[in-house]
Amino acid sequence: VQLQASGGGLAQAGGSLRLSCAASGRTLWRYAMGWFRQAPGKERDFVAAIRWSAGTTYYADSVKGRFTISRDNAKNTVYLQIDNVKPEDTAVYYCAATSVVVDLKNGPYDYFGQGTLVTVSS
């Protein structure tokens, strides 16, 4: 599985951003896709995940209500919509894939794409 994240950039607090993750692979339907983020000086944290086949989702408590993960089967792309962005959302965001679809938070995630930087100004 290969993953290509995009959509990061500079946003003002209160605005919105949509990150994209283009995935390639013949058996994507067997995977779950996740988003993680790593803020400066901090560890990488789980943000959200979606089971590719069923579409069921799971979110970290810290982002519930503002983040929405979705997928487009035809485009093999997973999205992360971030609404009402806050300065604390500033981080490098990574998309990832796991073949262990039972535990969406802990995976483990086998594949990570390159990150896309989100910077939120106040």
Non-hydrogen atoms of N84 and G14 that approach each other most closely:
OD1-CA, 3.6 Å
Does D83 have any side chain to side chain donor-acceptor pair (under 3.5 Å) partners at least two apart in sequence or in another chain, and if so, which?
S16, Q81
Supply the atom-to-atom distance T98 OG1 to R51 CZ, rounded to the nearest 0.5 angstrom.
10.5 Å
Judged by atom type as modelled, is there a donor-acceptor pair below 3.5 Å linking the side chain of T90 to the main-chain atoms of T119?
no
Whether the side chain of D72 engages the backbone of A74 through a donor-acceptor N/O pair (distance < 3.5 Å, no angle test) should be reported.
yes
State which residues pass side chain to side chain contact (heavy atoms under 4.5 Å, CB included) with L17; sequence neighbours excluded, sorted by chain then number.
A11, V118
Provide the full list of ring pair (Phe, Tyr, Trp, His ring centres under 6.0 Å) pairs with a residue in residues 47-92, sequence neighbours left out, each pair given once.
F46-Y58
Please identify each residue that fulfils side chain to side chain donor-acceptor pair (under 3.5 Å) with D110, with sequence neighbours left out.
S99
Do V85 and V63 belong together in a cluster built from hydrophobic side chains that touch within less than 4.5 Å?
yes
Partners of Q114 by side chain to side chain contact (heavy atoms under 4.5 Å, CB included), sequence neighbours excluded?
Q4, A5
Side chain to side chain contact (heavy atoms under 4.5 Å, CB included), that's the test. Do T56 and I50 meet it? Break it down for me.
CA-CA 5 Å; T56 52; I50 186 168; over 6 Å; no
Let me see the working for L3 and V1 under side chain to side chain contact (heavy atoms under 4.5 Å, CB included), right down to the final yes or no.
CA-CA 7 Å; L3 306 170; V1 176; 3.7 Å; yes
Tell me the closest heavy-atom pair linking G7 and T116, and the distance in Å.
N-OG1, 4.0 Å
Would you say T77's side chain and K75's backbone share a donor-acceptor pair under 3.5 angstrom?
yes
Pairwise side-chain contact, L80 with V78, heavy-atom cut-off 4.5 Å (strictly under):
no
May I ask you to test the R18-I82 pair for a side-chain heavy-atom distance under 4.5 Å?
no
K86 side, atom NZ; S62 side, atom OG - distance, nearest 0.5 Å
9.5 Å
Do you know which two heavy atoms are closest between Y109 and A49, and how far apart they sit?
OH-CB, 3.4 Å
Considering only distance and modelled atom types, tabulate donor-acceptor pairs under 3.5 Å from the side chains of residues 27-43, sequence neighbours left out.
{"from": "R37", "atom 1": "NH1", "to": "D89", "atom 2": "OD1", "distance (Å)": "2.9"}
{"from": "R37", "atom 1": "NH1", "to": "Y93", "atom 2": "OH", "distance (Å)": "3.0"}
{"from": "Q38", "atom 1": "NE2", "to": "K42", "atom 2": "O", "distance (Å)": "3.0"}

